[in-house]
Amino acid sequence: MDDGHADDTAALQRLRHLRGSIDNLDAALVHLLAERFKATQQVGELKAAHNMPPADPGREAEQIERLRRMAEDAHLDPAFAEKFLKFIVEEVIRHHKAIAADRSG
Ligand SMILES: C=C(O[C@@H]1C=C(C(=O)O)C=C[C@H]1O)C(=O)O
């Protein structure tokens with residue numbers, strides 16, 4: 001007897017199930033990022049109000065070190081974790097510069 005069809009059906013079921021988890025995780029990521037940007041927006045306003053620079057390279061270096069450690073423990077590629085954080089921080093700094101420019105303009 002040919003089990004090919006049953007195998008394919010099981011594989012499709014498994015794919016649907018895994019994609020359900022991926023969709024849930026993507027939703028969580030969006031909500032986590034939205035909360036992070038809410039917090040960084042407030043940091044940007046605080047910095048602009050008190051003439052603090054938009055970027056803080058020392059703080060970023062600490063965050064990268066911490067995130068790389070956590071990534072290693074979680075079996076996530078630390079280089080990817082660092083790239084991801086830098087991508088987000090770059091956007092945050094862009095927002096902070098815009099807030100400061102709005103305030104001074
Ligand atoms: C949010 C801040 O501003 C910038 C953005 C950071 C971030 O997104 O985590 C970290 C450091 C700063 O370059 C901060 O200084 O805490």
Side-chain angles (χ1 to χ4, degrees):
M1 204 181 91
D2 182 8
D3 274 355
H5 181 67
D7 273 3
D8 289 349
T9 304
L12 282 176
Q13 266 175 11
R14 179 108 184 100
L15 182 61
R16 248 194 313 274
H17 177 76
L18 290 168
R19 285 181 172 169
S21 292
I22 290 166
D23 286 346
N24 287 345
L25 290 163
D26 285 347
L29 279 175
V30 165
H31 288 116
L32 289 170
L33 278 173
E35 284 304 306
R36 192 183 198 282
F37 275 96
K38 274 191 215 168
T40 56
Q41 181 75 11
Q42 290 179 54
V43 170
E45 280 158 19
L46 193 68
K47 285 179 169 181
H50 297 273
N51 294 313
M52 293 186 244
D56 184 339
R59 160 85 174 145
E60 290 170 31
E62 284 170 9
Q63 285 167 287
I64 287 167
E65 211 182 290
R66 175 171 173 265
L67 212 79
R68 287 188 67 105
R69 261 198 324 267
M70 289 193 304
E72 267 171 39
D73 287 348
H75 308 290
L76 176 71
D77 178 3
F80 170 75
E82 176 171 349
K83 204 159 72 172
F84 183 61
L85 184 71
K86 282 182 170 166
F87 177 68
I88 295 168
V89 171
E90 191 179 287
E91 181 68 5
V92 170
I93 292 168
R94 200 176 64 76
H95 292 182
H96 286 185
K97 286 180 178 164
I99 296 167
D102 270 3
R103 269 199 158 248
S104 67

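Counting convention: from 1, in listed order, for ligands and their atoms alike. Heavy atoms only: backbone and side chains are in, while hydrogens, waters and symmetry mates are out. These figures come from a predicted structure and were not determined experimentally.
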Next on the checklist: For a 4.5 angstrom cut-off between non-hydrogen side-chain atoms, does Ile99 reach Gln41?
Outcome noted: yes
Checklist outcome for this item: Residue set satisfying side-chain contact (heavy atoms from CB on, under 4.5 Å) with Asp102, at least two apart, ordered chain then number -> none
Item to check | Carboxylate-amine/guanidinium contact Glu82 Lys86, below 4.0 Å | outcome: yes
Checklist entry - Under the side-chain hydrogen bond (donor to acceptor under 3.5 Å, both in side chains) rule, what pairs show up with a residue in residues 15-37, not counting sequence neighbours? => result Glu35-Lys38
Next on the checklist: Please enumerate all residues that pass side-chain contact (heavy atoms from CB on, under 4.5 Å) together with Ala81, with sequence neighbours excluded.
Outcome noted: Leu67, Ala71, Leu76
Checklist entry - Can you check whether Pro54's main-chain N or O pairs, donor with acceptor, with Lys47's side chain at less than 3.5 Å? => result yes
Item to check | Every residue of the protein that comes under 4.0 Å of ligand 1, judged on heavy atoms | outcome: Arg36, Thr40, Val43, Lys47, Pro54, Ala55, Asp56, Arg59, Glu60, Gln63, Val89, Val92, Ile93, His96
